[in-house]
Amino acid sequence: METQAFTIYNTLTRKKEVFEPINPPHVGMYVCGPTVYGDAHLGHARPAITFDILFRYLQHLGYKVRYVRNITDVGHLVNDADHGDDKIAKKALLEQLEPMEIVQMYTNRYHRDMDMLNVQRPNIEPHASGHIIEQMELVQKILDSGFAYEKNGSVYFNVKAYAEKFPYGELSGRNYEELLENTRTLAGQEEKQNSADFALWKKAAPEHIMRWPSKWSDGFPGWHMECSAMGKKYLGERFDIHGGGMDLIFPHHESEIAQSKAANNGQEPVKYWMHNNMITINGQKMGKSLGNFITLEDMFAGNSELLEKAYSPINIRFFMLQAHYRSPLDFSNEALQAADKGLKKLLNAAETLQTLQANAAESDADIEAWKTNCYNAINDDLNTPILIAQLFDAVKIINSVSEGKMQLKEDDLKLLQSTFNAFVFDVLGLEKEISDNKSDHLIQGLMELVLDMRMNARKNKDWPASDAIRNKLKELNITVKDGKEGSNWEIS
RNA sequence: GGUCACGUGGCCGAGUGGUUAGGCAGAGGUCUGCAAAACCUUGUACGGCGGUUCGAAUCCGUUCGUGACCUCCA
């Protein structure tokens with residue numbers, strides 16, 4: 001059986017394509033990061049985990065990856081309040097803090113949450129505010145090429161002029177005429193020649209705190225500028241992969257393409273565009289503006305009316321990986337709890353696998369074929385649900401060998417171990433959680449003592465005593481699990 | 001209104017023109033002093049209606065339903 005080539009779905013071509021880096025063995029990948037004006041919620045975990053899998057798998061394949069994920073800390077305009085406020089600045093005024101203090105605080109908290117989800121940090125995490133010069137240069141380049149115009153200190157992208165020369169809407173499948181008919185009329189757009197035009201540089205209102213001097217005005221760059229400027233700076237005029245949530249396809253990524261092509265003679269900036277689908281709750285997108293989001297901090301702590309219990313970071317990670325990244329995933333307590341049980345089963349098998357002994361000259365299972373199945377699964381546009389199904393097949397083999405119902409020869413056992421570990425830990429990034437309580441020395445010692453006492457009672461067939469201990473522990477949410485080699489315990 | 005997705009068994013969720021997805025729950029069993037845990041086995045399915053085909057849940061048409069984007073959003 002042949003292993004299939006690694007393919008990924010390219011939003012630009014609407015097809016799965018074989019992945020071929022522009023400059024192997026190097027791979028440049030850029031993913032839109034968070035706007036740091038609030039805590040990360042479950043929705044933010046999806047792209048972080050999706051592209052973490054991609055990052056990990058590319059490394060597993062031996063590529064030298066430069067992964068860039070930005071921090072947006074300027075330039076988002078809000079329309080839910082007085083128009084023209086910068087989100088960051090608005091929150092700063094509200095809480096009487098320096099804007100950069102807000103940025104730092106939420107950046108720290110974002111890192112904390114992502115670390116808990118076992119999401120590897122990118123190689124470069126550039127801040128938009130640290131790349132104002134680069135963004136201004138890009139604005140100037142677009143002006144020079146004739147695809148932008150200045151009005152009252154602001155600079156706008158001329159979509160009409162661009163659409164005459166290049167296909168506008170190639171990523172989102174929109175066309176220019178249609179956009180003109182359907183773009184909603186928003187306040188503060190009188191300066192634009194056309195409703196479809198978007199800001200490259202925005203003159204700051206007097207009350208606007210975050211501002212930079214430029215030849216056009218004291219102001220700030222338009223939202224789409226940062227990704228174009230920073231992607232170009234760190235990955236080049238043309239790089240391999242650009243990722244983000246589906247909701248960013250239009251207008252953000254479409255505008256990015258337009259900006260980059262306008263500044264660079266029509267050169268496509270990105271070879272593969274990848275987009276993860278949304279997390280929904282009761283079938284509706286989880287989002288800031290809808291107010292139906294659950295922050296990751298609350299998920300981990302069980303701190304929400306929507307939650308029946310706390311869900312561990314790895315539980316959440318596994319839950320997401322059981323769905324394909326391009327499918328919507330609906331949040332529910334049942335699904336999270338089901339995932340938790342499955343995850344435990346998988347990780348227990350991983351533990352068992354380490355102790356397994358090769359015990360035969362011939363194997364009862366075709367480990368080579370199984371390995372090929374694993375690679376074919378992930379090579380098919382990161383199909384983690386299929387990969388996980390394959391891993392559960394391995395769980396069956398592992399448990400059967402462990403129980404003496406199946407046999408493996410030395411080579412196959414080694415292959416099973418290395419492949420299983422590589423996928424579970426390196427690629428999927430799952431890890432056994434060490435409960436803080438459980439690692440506490442005092443509790444550890446006390447539990448040992450208690451279980452020893454119970455063990456003695458059991459040896460003497462003193463069932464009332466042994467059951468009393470078990471019941472008392474159960475009241476404390478500690479479950480005792482009796483095995484052949486003694487008893488184990490777990491806090492539930 | 002425009003553009004684009006999706007509709008799978010009790011739940012979550014893959015996939016596919018003919019061959020077991022997987023997980024959870026349920027059922028049966030093994031183990032155990034009992035229980036729990038663990039492990040093994042296992043049933044139920046592809047929104048409705050037409051069409052193409054030897055054969056469709058899978059392709060086409062149509063209809064109903066849901067969602068996303070068109071505005072900041074992961």
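The sequence lines fix the lettering, A, B, ..., with proteins before strands; numbering per chain opens at 1.
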Exercise. Is the distance between the ring centroids of A/Phe51 and A/Phe55 under 6.0 Å?
Worked result: no
For this session: Write down the distance separating the C1' atoms in B/G48 and B/G43, rounded off to the nearest Å.
Result: 26 Å
Problem set entry | Nearest-nucleotide pick for A/Pro251, side chain only, options being B/C72, B/C12, B/A14 | B/C72
Problem set entry | Toward the 5' end of RNA chain B, by each residue's nearest nucleotide, A/Ala389 or A/His41 | A/Ala389
For this session: Round to a whole Å and report the spacing from CD of A/Gln322 to P of B/C24.
Result: 9 Å
Problem set entry | Between B/A21 and B/A57 - C1' atom distance, rounded Å | 14 Å
For this session: Would you please say whether a donor-acceptor pair under 3.5 Å links the side chains of A/Thr295 and A/His41?
Result: no
Problem set entry | Given B/C70, B/G13, B/G33, the nucleotide with the shortest approach to the side chain of A/Asp330 | B/G13
For this session: Under 4.0 Å between any heavy atoms, over every strand shown, what does A/Leu290 touch: base, sugar-phosphate, or nothing? Just pick one.
Result: nothing
Exercise. If the C1' atom of B/G17 is compared with that of B/C46, how far apart are they to the nearest Å?
Worked result: 14 Å
For this session: Hey, could you give me the CG/CD1 distance between A/Asp393 and A/Ile388, rounded to the nearest 0.5 Å?
Result: 12.5 Å
Problem set entry | Of the listed nucleotides B/A37, B/G23, B/A25, the one nearest the side chain of A/Lys481 | B/A37
Exercise. How would you label the contact of A/Lys285 with the nucleic acid (heavy atoms, under 4.0 Å): base, sugar-phosphate, or nothing?
Worked result: base
Exercise. P atom, B/A5 versus B/C60: distance in rounded Å?
Worked result: 11 Å
Exercise. Just wondering, do A/Ile397 and A/Met406 contact through their side chains at under 4.5 Å, heavy atoms?
Worked result: yes
Exercise. Nearest to the side chain of A/Lys405, which nucleotide is it out of B/C69, B/C40, B/G33?
Worked result: B/C40
Exercise. Which is true for A/Gln337 with a 4.0 Å heavy-atom rule: it touches a base, it touches only sugar-phosphate, or it touches nothing?
Worked result: nothing
Problem set entry | Partner nucleotide, any strand, of B/C39 [Watson-Crick/G-U, under 3.5 Å] | B/G29
Problem set entry | Length of the CZ-C1' vector between A/Arg326 and B/C69, whole Å | 17 Å
Exercise. Just by distance, with hydrogens left out, do A/Asp298 and A/Ser304 show a side-chain donor and acceptor under 3.5 Å apart?
Worked result: no
For this session: Let me know, please, whether A/Gln284 or A/Cys32 comes out on the 5' side of the other along RNA chain B by nearest nucleotide.
Result: A/Gln284
Problem set entry | Stacking check A/Phe392 vs B/G23 (5.5 Å / 30 deg) | no
Exercise. Between B/A14 and A/Ser327, is there an OP1 or OP2 to side-chain N/O distance shorter than 4.0 Å?
Worked result: yes
Problem set entry | Integer-rounded Å distance: B/C12 C1' and A/Asn315 CG | 13 Å
Exercise. If you check every side-chain atom of A/Arg174, which of B/A25, B/G33, B/C70 has the closest atom?
Worked result: B/C70
Exercise. Taking NZ from A/Lys16 and P from B/A14, how many angstroms apart are they, rounded to a whole number?
Worked result: 12 Å
Exercise. Does B/A21 have a Watson-Crick or wobble mate here (both distances under 3.5 Å), and if so which one?
Worked result: none
Exercise. Counting only side-chain N and O atoms of A/Lys288, is one of them less than 4.0 Å from OP1 or OP2 of B/C72?
Worked result: no
For this session: Using a heavy-atom cut-off of under 4.0 Å over every strand shown, decide if A/Gly283 touches base, sugar-phosphate, or nothing.
Result: sugar-phosphate
Exercise. Is the base of B/C34 touched by the side chain of A/Arg470 through a donor-acceptor pair closer than 3.5 angstrom?
Worked result: yes
Problem set entry | Pairwise side-chain contact, A/Met230 with A/Gln135, heavy-atom cut-off 4.5 Å (strictly under) | no
Exercise. Taking any strand in view, what nucleotide pairs with B/U58 in a Watson-Crick or G-U wobble way, both distances under 3.5 Å?
Worked result: none
For this session: Round to the nearest Å and state the distance from A/Asn175 atom CG to B/C69 atom C1'.
Result: 15 Å
Problem set entry | Separation between the C1' atoms of B/G55 and B/U42, rounded to whole Å | 28 Å
Exercise. For the side chain of A/Asp247, counting heavy atoms from C-beta on, which of B/G33, B/C69, B/A14 is nearest?
Worked result: B/C69
Exercise. What's the closest nucleotide to the A/Lys345 side chain, out of B/C12, B/A74, B/C24?
Worked result: B/C24
Seminar exercise, completed: Here the side chain to side chain donor-acceptor pair (under 3.5 Å) pairs for residues 325-336 of chain A, sequence neighbours left out, are A/Thr280-A/Asp330, A/Tyr311-A/Asn333, A/Tyr325-A/Asp381, A/Arg326-A/Asp381
Exercise. Is it the case that A/Thr372 and A/Glu368 place a side-chain donor and acceptor less than 3.5 Å from each other?
Worked result: no
Exercise. Contact class for A/Val480 vs. all strands (heavy atom < 4.0 Å): base, sugar-phosphate, or nothing?
Worked result: base
Exercise. How long is the line joining CD1 of A/Ile281 and C1' of B/C12, in whole Å?
Worked result: 15 Å
Exercise. Which nucleotide in the list B/A74, B/A14, B/C34 gets nearest to the side chain of A/His44?
Worked result: B/A74
Exercise. Using atom P of each nucleotide, how far apart are B/C4 and B/U62 to the nearest Å?
Worked result: 13 Å
Problem set entry | Under 4.0 angstrom between A/Ser172 side-chain N/O and B/C4 OP1 or OP2 | no
For this session: Would you please confirm or rule out a distance under 4.0 Å between OP1 or OP2 of B/A38 and any side-chain N or O of A/Asn399?
Result: no
Problem set entry | Distance-only donor-acceptor test, A/Asp467 side-chain atoms vs B/G33 base atoms, 3.5 Å | yes
Problem set entry | Length of the NE2-P vector between A/His253 and B/C70, whole Å | 13 Å
Problem set entry | Between B/A45 and B/A14 - C1' atom distance, rounded Å | 13 Å
Problem set entry | Pair of N/O donor and acceptor under 3.5 Å linking B/G33 base with A/Ser466 side chain | yes
Problem set entry | Donor-acceptor pair between A/Gln193 and A/Tyr156 side chains, under 3.5 angstrom | no
Seminar exercise, completed: Rounded to whole Å, the NZ-C1' distance (A/Lys396 to B/U41) equals 9 Å
Exercise. Does B/U66 have a Watson-Crick or wobble mate here (both distances under 3.5 Å), and if so which one?
Worked result: B/A5
Seminar exercise, completed: Considering only heavy side-chain atoms of A/Glu403, the closest of B/C12, B/A14, B/C39 is B/C39
Problem set entry | Check: A/Asp482 side chain, B/A35 base, donor-acceptor under 3.5 Å | yes
Exercise. So what does A/Met278 hit on the nucleic acid, given a heavy-atom distance under 4.0 Å: a base, only sugar-phosphate, or nothing?
Worked result: base
Problem set entry | Separation between the P atoms of B/U58 and B/C39, rounded to whole Å | 37 Å
